[in-house]
Amino acid sequence: MQFAPVLRSEWLKIRTLRSLPGALLALFAVTTAFSALAGISEMPDDFDPLYISLSGVMPGQIAAISFGTMAVSSEFQGGALRVSLAAVPRRGRWFAAKVTAIAVPALVAGLLTALAALLAARAGLGSLADGLTGGEQVRGVVGCGVYLMLMALFAAGLTALLRSGVATLSMLIPFIVVVSFVIGDAAGPVVDFLPDRAGQLVFQQTHEGPLGPWSGLAVTALWTAAALLAGAWSLRRRDA
């Protein structure tokens, strides 16, 4: 079977499984709402207006992770994977179609979400955001959209490896909430290379440390590629 019809079938699954569009709507709503609230909050003198404008991504990314997780975990319920692989025996082609069907809507939703969050927060910040250049805002929106897509794919790869959505969410959500935000600042320079913290540099106006905005996003992309390769390996080696 050619790649195009496989991709269409995987896209149909994304559209018709109600929880998946719901996760993308939650991504948009939560991120925009939290960014709008951040924009009307009292700011310290040395605040980063770009980071504040896109700070809603921190809670919103949980929805992106859930989207990638559920898109893959649904295949391990009720023998769906056996049906999928019976229709597409070439497992690598099927997994590539699945990944593409996750990546495209995650990227589109991420870009729209980042733009809405930026506009909502800027409306609240008013003149406090006047120092942001057009280039910084474009970098923040585009980088944020790519970051959310990468986190969704990172979760998808781990789910394919672990074969459990519950296991993936139980691992990733505490990791992001506890390790990155509670323990992270005390962990030293190594925290800069964690998949979430590295990628978030792209929507900061100023940054310190060994990584820059795009090199940080590249680190997140490497984590994602490793997770997807591990998921593809598991799919090839293990029985459906």
Side-chain angles (χ1 to χ4, degrees), residues 24-65 106-107 109-152 154 172-221 223:
L24 295 180
L25 286 174
L27 168 65
F28 182 89
V30 171
T31 301
T32 305
F34 274 86
S35 288
L37 288 173
I40 60 176
S41 302
E42 187 175 351
M43 298 296 163
D45 293 335
D46 59 346
F47 82 103
D48 185 327
L50 185 61
Y51 186 75
I52 290 297
S53 298
L54 295 170
S55 60
V57 171
M58 309 314 158
Q61 67 183 327
I62 294 174
I65 290 169
L107 178 60
L111 292 172
L112 293 175
T113 297
L115 179 60
L118 179 66
L119 294 175
R122 285 215 55 174
L125 288 171
S127 61
L128 294 176
D130 288 345
L132 286 174
T133 66
E136 288 171 339
Q137 293 177 76
V138 170
R139 187 240 300 166
V141 169
V142 173
C144 184
V146 173
Y147 169 77
L148 289 169
M149 177 193 71
L150 290 174
M151 293 304 289
F154 183 58
L172 281 184
I173 293 177
F175 175 82
I176 290 171
V177 173
V178 177
V179 176
S180 288
F181 289 96
V182 177
I183 303 173
D185 291 334
V190 68
V191 74
D192 293 330
F193 293 89
L194 295 177
D196 56 326
R197 291 287 286 262
Q200 290 166 14
L201 291 173
V202 79
F203 45 91
Q204 295 180 19
Q205 185 181 29
T206 58
H207 52 85
E208 299 177 355
L211 298 175
W214 298 113
S215 57
L217 199 62
V219 169
T220 303
W223 280 94

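The figures here come from the full heavy-atom set of this structure, side chains too, leaving out hydrogens, waters and symmetry mates. Here the structure is a predicted model, which is why all the values come from computation and not from measurement.
Under a 3.5 Å cut-off, the side chain of W214 and the backbone N or O of G143 do not form any donor-acceptor pair. With hydrogens and angles ignored, the 3.5 Å screen pairs a side-chain donor or acceptor of S55 with a backbone N or O of I52. The closest donor-acceptor contact from the side chain of T32 to the backbone of F28 lies under 3.5 Å.
Of all heavy-atom pairs spanning T113 and L27, the tightest one is CG2-O, 3.7 Å. In terms of heavy atoms, P210 sits closest to D192 at CD-OD2, 3.4 Å. Contact between A121 and S35 at its shortest, heavy atoms only, is CB-O, 3.4 Å. Closest approach of F34 and G56 over heavy atoms only: CB-CA, 3.7 Å. For C144 against L54, the heavy-atom pair with the smallest separation is CB-CD1, 4.5 Å. Nearest heavy-atom pair across L50 and Q204 is CD2-C, 3.9 Å.
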Criterion side chain to side chain contact (heavy atoms under 4.5 Å, CB included) on I65 and F154, from CA distance to verdict: CA-CA 8 Å; I65 290 169; F154 183 58; over 6 Å; no

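Using a 4.5 Å heavy-atom cutoff, the side chains of Q200 and V57 are not in contact. A 4.5 Å side-chain heavy-atom check between F175 and L194 finds at least one atom pair inside the cut-off. Counting heavy atoms from C-beta outward, L107 and V146 have side chains that approach closer than 4.5 Å. Residues L217 and L201 are not in side-chain contact: their nearest non-hydrogen atoms beyond the backbone lie 4.5 Å or more apart. Annotation: side chain of L148 is in contact with side chain of Q61 (closest heavy-atom distance under 4.5 Å).
Here the OG1-OH distance, from T206 to Y51, works out to 11.5 Å after rounding to the nearest 0.5 Å.
Y147 and F203 have perpendicular rings, their planes meeting at more than 60° on a 0 to 90° scale where under 30° would count as parallel.
Of the candidates M151, R197, M58, I176 forms a side chain to side chain contact (heavy atoms under 4.5 Å, CB included) with just one, namely M151.
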